[in-house]
Number of protein chains: 2
Amino acid sequence: MKKTPEPKKRANLRDVAKAAGVSVATVSRVLNEPAVVKKDTLEKVQTAIADLKFVPSAAARAINSGRTRFVGALVPTLDNAIFARFLAALERKLSDHQLSLIVATTEADLDIEAEKAKSLVDIGAEGLIVTGVTHSPAFHDLIERTMMPTIITSFFDPENPLPTIGYDNAAAAQLALQHLNDLGHRNIAVVHGPVHNNDRTRARLAGLKDFPFTGELTTFETEISHQGGADVAHKLSNLDTKPDAILCLSDVVALGILLGFQAQEIAVPDQISMVGVDDLPTSSVSVPPLTSVHLPVSQMGERVADALAHWITAQQPPEPERLDAYIVVRNSTKSADKSST
Amino acid sequence: MKKTPEPKKRANLRDVAKAAGVSVATVSRVLNEPAVVKKDTLEKVQTAIADLKFVPSAAARAINSGRTRFVGALVPTLDNAIFARFLAALERKLSDHQLSLIVATTEADLDIEAEKAKSLVDIGAEGLIVTGVTHSPAFHDLIERTMMPTIITSFFDPENPLPTIGYDNAAAAQLALQHLNDLGHRNIAVVHGPVHNNDRTRARLAGLKDFPFTGELTTFETEISHQGGADVAHKLSNLDTKPDAILCLSDVVALGILLGFQAQEIAVPDQISMVGVDDLPTSSVSVPPLTSVHLPVSQMGERVADALAHWITAQQPPEPERLDAYIVVRNSTKSADKSST
DNA sequence: TCCCAAAATGTAACTAGTTACAGAGGTTGC
DNA sequence: GCAACCTCTGTAACTAGTTACATTTTGGGA
């Protein structure tokens, strides 16, 4: 007495056509250009669609149009607000182009990156967005084989084979050093995240090296987190000769240092000046507000979205694009002579 | 003398079959079960695949398997670390199930949510994850029509028609109030984000109302950002009778208040106690470290991933699941009698 | 009323894979 | 020596849409 042998099967175009007593072409027209369908036919079909709870198959559409309408972005982490802000802008602008965004995190591991890139391509991504110019051979293979439109962000390099849309990391770091130099600081601690698998950080450090600075530059590597910053604050406070300024290549870490210093009652900027790089929203409300090099990540998200959408539709890669970083001077820095009170 | 009339067209299975001198079935086998193919045939085909730079079409695969291997998550924003952390855990666990994650932000707007949900379904999402139980009629329509597996997060309600996996927001807020009550605070400022379109916040406020607290409870609404917190700090400091404790329904705001108080040299917890809700990583390194109700968002991400993956494959919705929040006492609270120094 | 074009609809061939089934060739057992 | 079986490969029919082209219907003007 079973009456439900296979009730689960989803209705398809043919089913709807049969139910409405029309051809598949008509149903397809109701879906795509209802204007050309006569009114009562239209209604008949729409009723059938509603009755059968018909939902067109995305895959079948995609197979004809050759479009899946989504792209993938590979970022090291979502835990750093700088990427979250980039992705927010990217997603917003992509949806103007009728594109959805798949986010995949790589944990700054090139193998994970290649693997996730592969799975993005496998499920049909029409384009890829990646962070930095350094990638595994497997990744480059994949991009070359599939000719997948791929844009590199957070990095500007007009020479790179894949188009880059981003800022000049070396220049951004130099902006910070310039500022400290102008203020007369001579003994500067440079605090940065892991350089392994992070070409942005390496480029920034290289930029600092290239800058004509005659004072002392000491580097400290730590985790990119508030905790990582707090750890460095602790380390710095135990030093025999303390630096008179800190140049921090990440605001998250800078904020952590700031908190660490507060806990130890080291006064910023009176005892020590601090510059960050990123200019997170939080940096403007920290105590003291943090002087920081602003990275235009929201703008970057928008430019990347436009460029990738254009690449996909017009089959033409975009020109590399440099977005300018600039320093925002707040109250975490002051000139060296006054700090030796 | 043109030799490239249409060189762009991607090679397909038939092209490869022709090039390798085998049938399409054999090529398909090379792709899916290479073990059953004779070695030299295998090599011939693989050579052809490489030569033609053949990449199987995801859409064509999906049309047969009925699977697209991705799901969509709708969150209000990426700017709050609480969602970023949830998504990070979700994405990590989903990839164990061979599922990718499409992230869409709704800006806490139910219409945007419905619209983005629709476009996720249109492009073939196999399941959806949404924040909170309150949604637009269009959204509910969509879910019902498509019978899309959909899990609600950040909210626990066993009565809800769609399965919820999350914490009890009322109970979480009460944990904070309980703590302040135990410490003897009688005049408490409750700071929260916009209640409009935010049922989590509303549930928390309702929880506070239900708690048998005999003191004074004053509420303040502000933006969920450090800036929003700083604004409230300013407002509070201008009050005639200041509260002796602040219960903040969001750690981001609490951290902003903390920074605001520092700028105004109001001592926490000596002059005023503070509790937050969220327990962000930053909360443990703020000055002072923030007492906060821990919301198990990473665990939530993992549970949701497992539940949704199971729903998709086994066609069976999960049971609602309550995850426990608990308070983490740090140094931003102290008992009332000592704070009246 | 008839003719013709415009409007509406239908037929069937596409898209790019998977897969049931058939069949060819080779090996083994009796 | 021949049936039985296994291994490997091929044919063709699926999946669910879109769309070029053919055909039917409709309506207006002569």
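Here is the naming used below: chain letters follow the sequence lines, and residue numbers restart at 1 for every chain.
Here the side chain of Glu113(B) pairs no donor or acceptor atom with the backbone of Ser136(B) at under 3.5 angstrom.
Regarding contacts with the backbone of dT9(C), every side-chain N or O of Thr26(A) stays at 4.0 angstrom or more from both OP1 and OP2.
Of all the heavy atoms in Ala138(B) and Ala114(B), the pair that sits closest is CB-CB, 4.0 Å.
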Before you tell me yes or no, could you show the steps for Glu107(B) and Thr77(B) under side-chain hydrogen bond (donor to acceptor under 3.5 Å, both in side chains), namely the whole-Å CA-CA distance, both residues' side-chain angles and the distance that decides it to 0.1 Å? CA-CA 6 Å; Glu107(B) 295 160 50; Thr77(B) 176; over 6 Å; no
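A rotation axis mapping the C1' atoms of four pairs onto the next four is fitted at both ends of the helix from dT1(C)-dA30(D) to dC30(C)-dG1(D) over five pairs, and the angle between these axes is 50° to 10 degrees.
The neighbour count for His140(A) NE2, taken as heavy atoms of other residues, nucleotides or ligands under 6.0 Å away, is above 12. Counting heavy-atom neighbours within 6.0 Å of His310(A) NE2, excluding the residue itself, gives a total of 12 or less. More than 12 heavy atoms of other residues, nucleotides or ligands shown are found within 6.0 angstrom of NZ on Lys44(A).
The side-chain contact (heavy atoms from CB on, under 4.5 Å) check on Val24(A) picks up Arg14(A), Ala17(A), with sequence neighbours excluded.
Tested against Phe70(B) for a side chain to side chain contact (heavy atoms under 4.5 Å, CB included), the candidates Leu94(B), Leu120(B), Ile123(B) yield a single pass: Ile123(B).
Between the NZ atom of Lys39(B) and the P atom of dT7(D) there is a distance of 16 Å, given to the nearest Å.
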Walk along nucleotides 16-27 of chain D from 5' to 3' and tag each nucleotide B, S or - by protein heavy-atom contact under 4.0 Å, base first, then sugar-phosphate. BBBB--------
